Every structure is written in structure tokens, then in C-alpha cells.
There are 2 protein chains.
Amino acid sequence: MASIHDVAQRSGVSTATVSRALRGLPNVSPVTRQRVQEAADALGYIPSPSASGLSSGRTGAVAVVVPSLTRWFFTEVVEGVDAALRVEGYDTFLVDLAVRPGERERLFSHTLLRKRADAVIALGIRFTGAERSELRSLPVPVAIVGAPLAGLRGIGVDDAAVSRSAIQHLVDLGHHRIAHVGGHDRFGLDRSVADLRERAWRAELRDRGLPLLDHWFASGGFLLPQSKAAALTMLQRPDRPTGVFAGSDEMAFGVLLAAAELGIRVPEDLSVVGIDDHSWSAAFHLTTVRQDPHEQGAAAAAMVLAQLAGTPPPIAPIAAPHELIVRGTTAAAARSRRLPADRDA
Amino acid sequence: MASIHDVAQRSGVSTATVSRALRGLPNVSPVTRQRVQEAADALGYIPSPSASGLSSGRTGAVAVVVPSLTRWFFTEVVEGVDAALRVEGYDTFLVDLAVRPGERERLFSHTLLRKRADAVIALGIRFTGAERSELRSLPVPVAIVGAPLAGLRGIGVDDAAVSRSAIQHLVDLGHHRIAHVGGHDRFGLDRSVADLRERAWRAELRDRGLPLLDHWFASGGFLLPQSKAAALTMLQRPDRPTGVFAGSDEMAFGVLLAAAELGIRVPEDLSVVGIDDHSWSAAFHLTTVRQDPHEQGAAAAAMVLAQLAGTPPPIAPIAAPHELIVRGTTAAAARSRRLPADRDA
DNA sequence: ATGAAAGCGCTAACAC
DNA sequence: GTGTTAGCGCTTTCAT
């Protein structure tokens with residue numbers, strides 16, 4: 001394990017010069033820099049993060065706080081973050097809340113974030129009031145992916161707009177009976193997004209004067225199995241909807257499975273639209289509102305990186321793009337399907 | 001940001017005693033320890049990982065190297081690792097190879113692993129010869145999750161046995177025409193497991209004297225969409241199989257989707273069995289061979305932790321349990337389905 | 001353009 | 001049981 005000292009000796013300069021040369025700082029003659037670089041290469045020198053962290057105050061790592069890793073959206077964001085970070089030489093430090101449900105208190109002021117990372121990127125979390133203020137007063141750059149938080153930088157789709165777009169699509173196809181599968185996840189970590197989408201659904205239906213039955217809302221907890229079970233119940237009622245707006249593609253898959261099991265044809269008897277454009281959605285022919293979590297992760301990384309570089313972007317949450325992708329799970333509502341009681345086998 | 005110094009002052013002892021007291025080392029009187037602890041709490045003191053890392057040589061973090069995060073198996077393992085690590089106070093560093101396909105060279109001897117982490121856990125990677133020797137000569141504990149590597153500690157199911165169990169199940173049901181959907185993933189990172197399963201399939205069929213047609217092997221790349229496409233082709237041929245052994249549940253889902261699209265009934269016309277018991281498999285009624293990646297991750301973490309604690313377990317890869325879970329996608333082969341050319345619409 | 005030297009905050013001998 | 005004292009390997013003034 002060569003140290004900066006070894007490199008200094010081998011190249012006949014001081015450790016200070018080695019440090020400068022290797023980090024590309026100014027005030028190093030080209031020849032010296034070259035010589036140092038060669039010595040470093042020959043020795044296989046790698047600076048110790050602990051040492052440079054201790055003396056510079058920078059760790060070279062950023063923490064990514066996720067509610068769980070088992071959801072497509074989150075893994076995509078993490079990969080996006082990691083990719084962007086890596087390019088700048090930063091390491092990704094994972095803080096998975098799913099593995100320590102009890103440990104949320106003092107989360108952000110705790111070790112990991114405060115001393116291990118130069119910045120924090122938090123995703124899809126419904127923060128408590130205490131956490132929000134912790135986040136705002138953190139001594140390091142912070143970025144949020146998902147529902148925006150006033151006073152903090154972040155990126156995410158406009159959930160109301162996304163929901164509206166999905167519902168508009170169903171309405172355009174003539175659907176009047178539109179259900180929603182949504183709901184918060186098992187740890188209550190992601191309510192904000194779920195709430196925004198559910199609220200948008202209610203508002204849209206109300207504003208358009210469409211019927212809004214209580215049992216047209218089902219909680220799928222952002223999970224396929226749970227969504228399928230919920231849909232199974234909902235779709236077996238006599239007054240079943242002709243269209244379902246699912247809060248995520250994974251939940252939409254659950255609805256699709258339920259419909260298939262009940263012999264309800266999609267899209268002839270039931271239209272389904274999701275949110276995300278999951279990597280499997282095309283295989284399911286799912287109509288959905290696409291967003292790009294990988295891109296959002298990279299954007300969040302860019303925000304904290306910019307702050308670290310001394311060029312902080314404005315503190316406004318930025319809106320990520322979304323786009324309706326029409327595929328095979330949505331179609332015009334059957335005209336005959338007007339009477340509450342009519343259904344096929 | 002209180003330092004150890006502040007705590008020492010406030011509690012009226014030396015920094016050395018603070019260090020000892022807080023880390024639970026012996027030779028500290030109960031009263032002193034208590035007083036130190038109170039001072040630390042009052043000050044909100046958190047030791048700096050950089051500083052303690054620099055002086056102790058231990059970073060308090062372990063690196064997890066994954067081929068990608070977008071596969072169920074890997075995310076489960078990572079969560080298992082993180083959970084086990086967290087309990088012991090270690091942090092998890094993510095090294096996602098998917099985000100830097102070009103950067104595999106010198107991977108293990110590179111910064112992250114060498115100076116950032118006290119140990120390395122690598123999953124589902126088909127290492128090059130160079131990487132293998134790098135891994136073996138790494139100055140830190142290493143554990144592998146997945147296909148075993150001679151000379152290294154690790155855990156994983158016996159892929160041959162798992163495959164045999166799946167195929168045996170199909171044979172027991174009277175299937176003679178058994179296809180396989182397998183294949184390595186996009187980065188060539190996980191060939192070993194794919195190869196083991198494919199080889200087991202070939203060997204089993206050969207040993208039992210069952211037909212083994214070339215086009216009964218399809219490469220699904222461990223991805224649903226690709227598996228669906230491959231199955232679509234395979235299942236449309238006149239000599240289609242009556243049973244499909246998929247190398248993972250995600251690939252099995254693809255086969256299921258393809259079958260549904262072609263109007264091939266499962267399990268009446270086609271039986272499908274996977275490997276994993278993915279969290280969605282029950283919703284698909286998929287018969288599969290269960291394994292527990294979360295558990296495997298935790299076990300791998302325990303291995304490196306034990307080494308770090310000075311009680312290294314034996315260097316034999318250990319076999320993780322697996323179990324056939326029979327659900328609804330497999331059934332007795334139709335007796336009429338003997339002639340190569342017969343098929344329904 | 002380069003070097004000397006003082007830490008960064010903690011741990012680990014070694015004394016007492 | 002507790003304090004002293006070196007460093008750990010870097011970065012960073014401040015000189016030169």
C-alpha cells in the first residue's frame with residue numbers, strides 16, 4: 001500500500017507537490033506533474049479516503065437514502081445517482097430504510113449522513129416534520145427525488161399532472177367509471193406521492209362530474225400482489241369500473257393479473273393505465289405515463305455535485321418530464337356498458 | 001460538530017478515556033463511562049469515520065459489488081447484506097457495475113474496495129481470471145454470493161441441484177419435451193449461474209434419454225421482455241415443448257406472458273417452472289424452486305463480519321437451501337400431446 | 001513552482 | 001482505571 005510519501009520519494013518532490021500534481025491543481029510544472037503521475041502509477045498509489053477526508057473535510061461519498069430497494073422506481077433512481085456520481089469520482093453510500101424500520105429517528109443528523117457523506121440524496125420518502133427541519137439544516141447539500149419539499153432542491157414529476165394525464169386519457173376514450181389503485185407502502189415511507197396521485201384522481205372525477213364510489217379506491221401499497229388482491233375484490237363487484245388508473249405500473253400489473261383471472265378482457269371490458277413505464281410494461285402492453293427515474297437520479301446527483309463545486313443551483317424543485325404512452329391496455333369504453341349491473345361471465 | 005476533545009473536556013477525562021468508554025472497551029470504571037456517555041449525548045457527539053479510520057485502519061464500511069440493481073435477486077441480497085451489516089454498525093457501500101460497464105478492470109484493487117471498505121461482498125458476477133486472483137489476494141475479507149469460487153468464502157444454492165429439482169418435477173408430471181429459457185445477462189456479468197443451469201438442463205435431459213432440440217433453448221438474458229420474445233418464437237414452432245424450465249422467475253413470467261398471448265393454456269397445454277420464488281411469483285401462480293437471497297446476503301455479511309472479528313469461518317462455500325414450491329403453472333402432461341405436430345389454435 | 005510544517009480527529013501503545 | 005504521546009496519510013497555509 002503505497003502512500004503519498006512513497007510517491008514523493010520516488011519522484012523526488014515533496015508530498016505537497018504530489019498532492020497538488022495528482023489532483024490537477026495549478027502551480028505544478030507539466031514535467032513535475034508528469035513525473036509524479038508516473039511514480040504514482042508505478043507504485044499503484046491510491047490516496048486514502050480516510051486521510052484526505054480527515055484533512056480536507058470531504059469524504060468523496062454521497063449518501064442515498066431509499067425507503068426500499070425492491071421497487072423498480074427506487075432501483076432506477078439509485079443507478080442513475082450512482083452513475084452520475086461515479087463520473088465525478090464520488091462513491092455511493094446506501095442507506096436503506098427498509099432494513100431498519102425502527103431506526104428513522106435522528107436519521108439525518110446521524111453518523112452516516114453527517115460524517116460519511118458530503119451530500120445526501122433522499123428518495124420517495126414522506127418526511128416527518130422533524131426530519132424536514134433536520135434536512136433543511138443539514139450542513140451538507142441535499143436533494144430530493146420525488147414529491148418536492150419546500151426549501152429544498154429536488155426533482156420529480158408533477159404528480160397531479162401525471163395523474164390528470166392518465167385520467168384524461170381514459171375520459172377521452174369515453175370512460176365514466178374510473179377506479180384507482182394506489183395507497184401508501186408498507187413502511188408509510190412514500191405516502192406523499194401516493195396521496196398526491198389519489199387526491200388528483202378524486203379531484204379529476206369530481207371536477208368532471210364523474211361518479212366516485214368508495215370502493216373504486218383500492219390500496220395496492222405499491223406492490224403487485226397486494227394490488228392484484230385488491231383488484232380481485234373490486235372487479236368482482238356488480239358496479240365495477242370500466243377503467244382503472246393505477247398509481248404505478250407495478251400496481252397496474254396486479255390489476256391486469258386480476259382481470260385475466262376473472263376472465264375480464266383487457267382492453268375490451270376494462271381499460272388500465274399506470275404510471276412509470278416500468279421496464280416490463282411494454283411486455284404487458286400497458287398504457288402508462290412514462291417518467292425516467294434514472295434520469296431523475298442523475299439530475300439529483302448533478303444538483304448536489306454542483307453545490308459541492310460551489311455553484312449551487314436555485315432552490316426550486318424542478319419538474320421532471322412525463323409522457324403518456326398509449327399501448328394495448330386501454331380502449332374506448334364499450335357503449336353497452338352503461339348499466340351498473342351488466343357484466344359478462 | 002463536537003469532537004472527542006469536547007467530550008473529554010465536558011466529562012473531565014482524557015480523549016483516550018472517552019474513546020475507550022464510548023467503544024465499550026474494558027478498563028473504564030462504570031461511573032466514568034456513564035459520565036462520558038452523558039457528555040457525548042449532551043454534545044451530540046458522533047465520531048468521525050475518517051479520523052477513526054485513519055488511525056485504526058478500519059473504515060467501518062463494507063463494499064457490495066453488484067452486476068446491476070434491477071434484478072430482484074440482487075436487490076434482495078443487497079438488502080440482506082445491509083440489514084446484517086447495520087446491526088453490527090457497519091455501513092454499506094454500493095458498487096454497481098451496471099453503471100460503468102467499461103470500468104471493470106482493476107476493479108477490486110481499486111480505491112473503493114481497497115481503502116473505503118473493510119471487506120467486500122460480490123454477487124452474481126462471472127469473474128475473469130485476473131479478477132479471481134485479485135479477489136483471492138485482496139487484503140480484506142471477501143465473500144461471494146452466487147456461484148462458488150474455489151478458495152473464497154461464499155454462499156449460494158447448488159445450481160445443478162436446483163435445476164434438477166425443477167426438471168424432475170416436470171418429468172414426474174409426465175413431461176418429455178422440456179425446453180429451457182436461460183442465458184447470460186447483458187453485461188456478461190452473470191454467466192456462471194446461467195451456465196450452470198443450462199448445463200444441468202442439458203445433462204438431465206441427456207441422462208434421461210429425453211429429446212433435446214436446439215430450439216428448445218432460448219436466451220432470456222434474465223430479463224422478462226427478452227424472455228417473452230424468445231418464448232414467443234419457441235412456442236410458435238410446431239414441435240413446441242410441453243414444459244418449460246426457466247432459469248429465473250422473471251424469465252418464467254415472460255414465458256407466461258408469451259403463452260397467454262398465443263392462447264396456450266397454462267398449465268393445461270404448457271407447464272412452466274422457474275427458480276427463485278420472486279415476490280410476485282405467487283400472484284402468477286408460478287411453480288418454482290425457492291431460494292432466499294435476503295438470507296444469503298445476510299449470511300455473506302456474517303462471514304466477512306466473522307473474519308473482521310478475528311474468527312474466520314472455514315473457506316468452504318456453503319450451500320444455501322432451496323425448495324420446490326408447486327403452484328398452478330405445472331400439471332400433468334396431456335397424454336394426447338405426443339405427436340410432434342399436434343397443437344391447438 | 002515547490003517545500004516545510006501544522007494539523008484534521010481519532011486510536012493505540014505505553015506509562016502511571 | 002486513566003492520562004500522555006505518537007502517529008495514521010493526507011491537505012493546506014505560509015514561506016521561499
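Note that the structure is predicted; figures quoted are calculated from it, not measured. Reminder, nothing fancy here: chain letters follow the sequence lines and each chain counts from 1.
You'll find the side chain of A:Val87 stays beyond 4.5 Å of the side chain of A:Leu85, heavy atoms only.
Under 3.5 Å, the side chains of B:Gln296 and B:Asp292 contain no donor-acceptor pair of N or O atoms. Checking A:Arg71 against A:Thr75 by side-chain atom types alone, no donor-acceptor pair falls below 3.5 Å. With no hydrogens or angles considered, a side-chain donor-acceptor pair links A:Ser19 and A:Arg23 at under 3.5 Å.
A donor-acceptor pair under 3.5 Å is absent between the side-chain atoms of B:Ser192 and the main chain of B:Ala147, judged by distance alone. A donor-acceptor pair is defined here as one N or O able to donate and one able to accept, closer than 3.5 Å; such a pair exists between the side chain of A:Glu79 and the backbone of B:Leu69. With B:Ser68 contributing its side chain and B:Ala98 its backbone, the two residues share no donor-acceptor pair below 3.5 Å. Judged by distance alone, the side chain of A:Lys115 and the main-chain N or O of B:Ile46 form a donor-acceptor pair under 3.5 Å. B:Asp118 contributes a side-chain N or O that, together with a main-chain N or O of B:Thr59, makes up a donor-acceptor pair within less than 3.5 Å.
The environment of CZ in B:Arg58 is sparse: at most 12 heavy-atom neighbours from other residues, nucleotides or ligands sit within 6.0 Å.
Annotation: side chain to side chain donor-acceptor pair (under 3.5 Å) contacts involving residues 4-18 of chain A, sequence neighbours excluded, comprise A:Ser14-A:Thr17.
Backbone-only contact: A:Arg58 has heavy atoms under 4.0 Å from sugar-phosphate atoms and none from a base. Within the nucleic acid shown, A:Thr32 comes within 4.0 Å of sugar-phosphate atoms alone, with no base atom in reach, counting heavy atoms only.
Within residues 23-30 of chain A, the residues having any heavy atom under 4.0 Å from DNA chain C are, by residue number, A:Asn27, A:Val28, A:Ser29. Contacts between residues 6-16 of chain A and DNA chain D, defined by a heavy-atom separation under 4.0 Å, are made by A:Ala16.
Ionic pairing of B:Arg86 and B:Asp91 is present here: one or more N-O contacts between side-chain nitrogen and carboxylate oxygen are shorter than 4.0 angstrom.
Between its two ends, the helix from C:dA1-D:dT16 to C:dC16-D:dG1 turns its axis by 30°, counting five pairs per end and rounding to 10 degrees.
Nearer the 5' end of DNA chain C, as judged by each residue's closest nucleotide, is the contact made by A:Arg33, out of A:Arg33 and A:Ser55. If you find the closest nucleotide of DNA chain D to A:Ser48 and to B:Arg20, the one lying nearer the 5' end belongs to B:Arg20.
To the nearest 0.5 Å, atoms CG (A:Leu305) and OG1 (A:Thr311) are separated by 9.0 Å.
Tested against A:Val18, the residues A:Thr32, A:Val28, A:Ile4 include a single side-chain contact (heavy atoms from CB on, under 4.5 Å) partner, A:Ile4.
In 5' to 3' order, the nucleotides of DNA chain D bounding all contacts with chain A (an atom under 4.0 Å from a heavy atom) are D:dG9 to D:dT12. Counting 5' to 3', DNA chain C first comes under 4.0 angstrom of a heavy atom of chain B and last does so at the ends given by C:dG9 to C:dA13.
Closest heavy-atom contact between B:Arg33 and B:Pro26: NH2-CA, 4.4 Å.
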